[in-house]
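Each chain gets a letter, A, B and so on, in the order the sequences are listed, and its residues count up from 1. All values derive from a computational prediction rather than experimental measurement.
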There are 2 protein chains.
Amino acid sequence: MELVAEKTSGGGSSARKPRTRDAEATKARILDAAKREFAKNGLGGARVDVIAEKARANKRMIYHYFESKEGLFQTVLENAYVDIRTAEQKLNLDHLAPKEALERLVRFTWDYYLKNPEFITLVNSENLHRAKHLKKSEIVKVYSRKFVSMVKTILDRGVAAGVFRDGVDPVQLNITIAAIGYYYLTNRFTGSIVFERDLLAKDALEERLRFNIDTIMRLVAT
Amino acid sequence: MELVAEKTSGGGSSARKPRTRDAEATKARILDAAKREFAKNGLGGARVDVIAEKARANKRMIYHYFESKEGLFQTVLENAYVDIRTAEQKLNLDHLAPKEALERLVRFTWDYYLKNPEFITLVNSENLHRAKHLKKSEIVKVYSRKFVSMVKTILDRGVAAGVFRDGVDPVQLNITIAAIGYYYLTNRFTGSIVFERDLLAKDALEERLRFNIDTIMRLVAT
DNA sequence: TCGTTAATGCACTAACTGGTTACTTTTTAG
DNA sequence: CTAAAAAGTAACCAGTTAGTGCATTAACGA
């Protein structure tokens with residue numbers, strides 16, 4: 001049943017045949033299951049047995065490929081960061097007018113958090129552990145640099161075009177763009193109680209996005 | 001009920017007998033230890049034995065007073081909310097000019113998160129559990145209402161005085177004030193890596209507070 | 001076809017975990 | 001002074017947990 005890949009042996013260096021054993025596929029299934037389990041219960045609350053079961057893999061495989069529960073978490077977290085940073089790069093904001101580019105980034109950030117709630121939960125978990133896993137990741141640092149410079153470019157272009165005021169710190173702006181979406185979504189459950197409205201209702205979400213775009217635009221306006 | 005005060009001592013107002021057994025004190029020690037342990041490791045990661053040890057109490061006492069680990073968590077969380085809402089009410093913002101009042105609230109929120117980091121972690125934990133504990137708390141809802149109306153009053157006063165624009169939703173404003181501080185602080189560890197600067201350095205904190213006040217002021221400005 | 005290597009599965013464990021039972025000691029009402 | 005209630009303790013339990021040892025099976029190069 002695990003023989004999946006219809007990949008008939010093609011040319012090239014790695015002629016893929018249908019395999020009953022497929023390390024890559026098993027690894028991928030484990031990572032996917034782990035992402036969901038870690039996101040749902042945090043690093044401490046996640047159960048290795050549950051991950052193995054969800055991945056339709058043997059627990060032994062987890063330790064074979066990822067060494068430990070923490071090793072698995074680290075890989076999951078690293079992938080999550082690479083995924084969002086990659087998606088951001090694909091936005092191609094340099095082709096847009098500064099205002100449009102900024103709005104698009106705010107929109108993207110919001111949509112990404114909304115569609116990938118596990119990213120938020122993983123980051124929360126990692127901060128509970130004082131970023132001990134992320135610290136070890138070199139790749140994340142490289143991606144982050146590109147991300148910060150992306151926002152700086154938009155800002156600089158906007159200032160040059162006279163549509164943004166000067167002196168806005170790109171890092172602070174970055175943090176703020178993330179914050180106004182992240183906070184709303186990560187605290188959607190307690191927030192819905194405290195503010196006595198369903199923060200996840202369709203129009204509530206739309207209203208918040210509009211508010212966030214407005215907040216950022218006013219922040220950089222001349 | 002458990003009020004133990006000077007029942008026996010009669011006349012001498014402060015003639016508290018040193019007690020070797022003190023239910024209230026033990027409860028308080030347990031709650032304090034629990035707050036720290038839950039904040040540090042989350043609900044799932046916290047260990048009941050550790051809480052008992054930190055509180056210099058027997059584990060049995062925890063179950064005696066709080067029924068279960070989750071019951072203890074709920075009480076800790078409830079107290080945390082009551083504490084922050086009480087502190088907010090004490091700000092007495094109604095006596096200040098609208099702009100001052102708003103700035104003071106932004107400042108307070110930031111300082112409170114900074115001085116009580118466990119509040120943030122507890123809220124994060126609770127959201128991981130979809131607010132199942134907070135849902136049961138009536139007292140929190142009452143306090144929350146007062147809190148929201150406080151911001152609404154400031155906003156209304158500002159509009160009337162012509163210093164704030166009309167049409168800003170007090171709930172969205174509230175969320176935003178919390179967000180720009182909360183996000184920065186809860187993600188201070190991963191943030192320090194991603195942005196390659198020490199977000200907790202004294203001047204970084206001051207700069208962020210200034211930026212946040214600016215953000216909110218621009219948001220409500222006419 | 002065969003031998004080596006990588007992938008997989010099963011059964012196990014040592015340490016832990018939340019929660020409890022049975023008991024002792026202190027406080028306090030009458 | 002006494003009896004009962006409240007406060008406190010230690011040992012224990014049953015179920016879990018991350019992590020392993022070892023046998024087995026498939027893939028693949030020669």
Results of ring-ring contact (aromatic ring centres under 6.0 Å, His included) for A:Tyr184 - residues two or more places apart only | A:Trp110
What pairs of residues pass the ring pair (Phe, Tyr, Trp, His ring centres under 6.0 Å) test when at least one of them lies in residues 194-213 of chain B, not counting sequence neighbours?
-> none
Atom pair distance, as rounded to whole Å: CD1 in A:Ile62 and P in C:dA7 | 15 Å
Produce a footprint string for nucleotides 16-21 of chain D: one letter per nucleotide, 5' end first; B if the base is under 4.0 Å from any protein heavy atom, S if only the sugar-phosphate is, - if neither.
-> -SBBBB
Would you mind reading off the distance between B:Phe66 atom CZ and C:dG18 atom C1', rounded to a whole angstrom?
-> 16 Å
By ring-ring contact (aromatic ring centres under 6.0 Å, His included), B:Phe119 pairs with (sequence neighbours left out) B:Tyr81
Can you find a side chain N or O atom of B:Tyr65 that sits less than 4.0 Å from OP1 or OP2 on D:dG8?
-> yes
A:His64 NE2 to D:dT25 P: how many Å, rounded?
-> 18 Å
Not counting sequence neighbours, list each pair that qualifies as a salt bridge (Lys or Arg N to Asp or Glu O under 4.0 Å) and has a residue in residues 78-90 of chain A.
-> A:Arg85-A:Glu88
Correct closest heavy-atom pair for B:Leu209 and B:Val106 would be CD1-O, 4.5 Å
When rounded to whole Å, the CE to C1' distance for the pair A:Met61 and D:dT25 reads 12 Å
Could you pull out all residues at least two apart from A:Phe66 that satisfy ring-ring contact (aromatic ring centres under 6.0 Å, His included)?
-> none
Atom pair distance, as rounded to whole Å: CZ in B:Phe73 and C1' in C:dG18 = 16 Å
In whole angstrom, give the distance that lies between atom CD of A:Glu24 and atom C1' of C:dA6.
-> 13 Å
